[in-house]
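For reference, the structure discussed in these notes is given below.
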Protein chains: 2
Amino acid sequence: MLADDHRLLLEGLAQAISGIPDLEVVGTAEDGDELIQLVELTQPDVMLVDVEMPNTSGIAALGQLTDGPPAIMVTMHADAEHRAKAEAVGAVGFLSKSTPLPVLAAAIRAVAAGESLMGDDLEQVLDSHREPVLTPGAASLTPREKELLATLASGISSTDDLANELFISQKTVKNHLASIYEKLGITDRAQAAVEAIRLGLHRPSPEPDRSDS
Amino acid sequence: MLADDHRLLLEGLAQAISGIPDLEVVGTAEDGDELIQLVELTQPDVMLVDVEMPNTSGIAALGQLTDGPPAIMVTMHADAEHRAKAEAVGAVGFLSKSTPLPVLAAAIRAVAAGESLMGDDLEQVLDSHREPVLTPGAASLTPREKELLATLASGISSTDDLANELFISQKTVKNHLASIYEKLGITDRAQAAVEAIRLGLHRPSPEPDRSDS
DNA sequence: TTGACCATGGGCCTATCGACCTATTTGCCG
DNA sequence: CGGCAAATAGGTCGATAGGCCCATGGTCAA
């Protein structure tokens, strides 16, 4: 659930977060009052709340939502004073609007998992939630399968073209596709294309170089 | 080209604008200096510039980019004073960050078309650019064809399922698909799914109630 | 009224796809 | 070293999709 009175930020962020495979925006509010209403209605897992908002501010709204979902406060002025106020009304996170999007995503995952972002170990907490929690099926996709999906999502769909693009035989393309279908619970390449895009598997190659553990 | 020091807004907005079929983000800058560099490098059609930015502010940057592309200034404080400053440095638009995204989109289209948003007829100018400039092929899609594409993009791909979903015969589904293929220059439903998503044809039904001319 | 376009439906035929099975090589992990 | 998963490749076969042609009723504008 997002709350911010600046609609460009609100709608932009909503769009951006929706594009992250394991995150979902269930509602947006333009002020504290709307936030309170929507939270009671939709019961989100996490709230992202701007500190400054007309009518009922983010701080004030959180004060009224004492038993609501965990909230991350977002602000332009990330000073100690605001931070203290946010903490006082029960916010479990406090981020500047200058935060990069992937960090925000990590913060949302962390808070959704019940962790707090108010401690000294912020870096470690965020780090441990850096990667998206992929759906059971998608997590088991092999690198080559992801590559094939990415290619498919770029509009190359025939067995022949895929084979040429990936420098493998048509047979192998069909084999990979069959594995993908099974893992994702789908049956054809149209659905595969949809899933590929939904999972953010299009464009280059997500290679999270994992050297240790 | 977008410039704003608040990365949540910057990246969120970039994502959101990229999602609009006829708009493209060619770069983002976090301050005026970066903006100046990037504009010279990528020569965008339109700049969206935050008034307040560290180092070189939006106002200052525009002052240096006198012969650059048309710029829309965006700010949290949409007061007359800031507006005057924006106009003084050659901005052709001045919008609050509380502007809804579709209005921003219209503003970008208008400015890209060479119009100014500084006049009294702001409403009319925006209105005339409310709808996306679709690609030649996509523009000629019939409502039913768009509906089919949307359904396809939702993961319903087999002729049979599509027929049931749309309450028509399998034959008609194939006929519609054939028309779509021809209009979009593609050959199968995997590509159709990709295009549908790319064109923003997924989710509800874009029904721009056009009563008068 | 006539034509253009849309939505609907049909038939036919071939290319392609997806399901099922097997197999080899490579590299990693225990 | 032995096993396992990934990537490669092959085969067969029935189901499905796509290409091409045609038809009808409805709407809307010329």
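Below, read A as the first sequence line, B as the second, and so on, with proteins coming before strands; counting in each chain starts at 1.
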Contacts of A/I186 and B/H176 projected onto DNA chain C by closest heavy atom; the upstream (5') one is B/H176
From CD of B/Q170 across to P of D/dG18 the rounded distance in Å is 14 Å
Looking only at C/dA7, D/dG19, D/dA9, the nucleotide nearest the B/K171 side chain is D/dG19
In whole angstroms, the gap separating P of D/dA5 from CG of A/N175 amounts to 17 Å
Atom CG of A/L141 and atom C1' of D/dA7 are separated, to the nearest Å, by 15 Å
Correct closest heavy-atom pair for A/L62 and A/M47 would be CD2-CE, 3.6 Å
Atom CD1 of A/I156 and atom P of C/dC17 are separated, to the nearest Å, by 14 Å
- request: Report which part of the nucleic acid A/T172 touches: base, sugar-phosphate, or nothing (heavy-atom distance under 4.0 Å, all strands).
  value: base
Worksheet item: Under 4.0 Å between a side-chain N/O of B/S158 and OP1 or OP2 of D/dT16, yes or no?
Response: no
Please confirm whether the shortest side-chain N or O distance from B/Y181 to OP1 or OP2 of D/dG18 is below 4.0 Å. yes
Worksheet item: Base, sugar-phosphate, or nothing: which does A/S179 touch, judged by heavy atoms less than 4.0 Å apart?
Response: nothing
Whole-Å distance, B/K174 NZ to C/dC12 C1', equals 10 Å
query = OP1, OP2 of C/dA7 versus side-chain N and O of B/T142: anything below 4.0 Å?
reply = yes
* To do: Decide yes or no for A/E24 and A/D45: does some side-chain heavy atom of the first lie under 4.5 Å from some side-chain heavy atom of the second?
  => no
Discussion item. Can you tell me if B/T159 touches the phosphate of D/dA17, counting only side-chain N or O atoms and a distance under 4.0 Å to OP1 or OP2?
Written reply: yes
With the side chain defined as heavy atoms from C-beta on, B/R189 is closest, among D/dG19, D/dG10, D/dA17, to D/dA17
In this structure, CD of A/Q37 is separated from CG of A/D31 (nearest 0.5 Å) by 8.5 Å
When rounded to the nearest 0.5 Å, the distance separating CZ of B/R144 from NE2 of B/H176 is 6.0 Å
Rounded to whole Å, the CG-C1' distance (B/L148 to C/dC6) equals 14 Å
Does B/D4 come within less than 4.0 Å of B/K97, counting only side-chain N to carboxylate O? yes
When rounded to whole Å, the CZ to P distance for the pair A/R144 and C/dT25 reads 19 Å
Can you find a donor-acceptor pair, distance only, under 3.5 Å between A/D188 side chain and D/dA17 base? no
Taken to the nearest whole Å, CG/B/L184 to P/D/dG18 is 13 Å
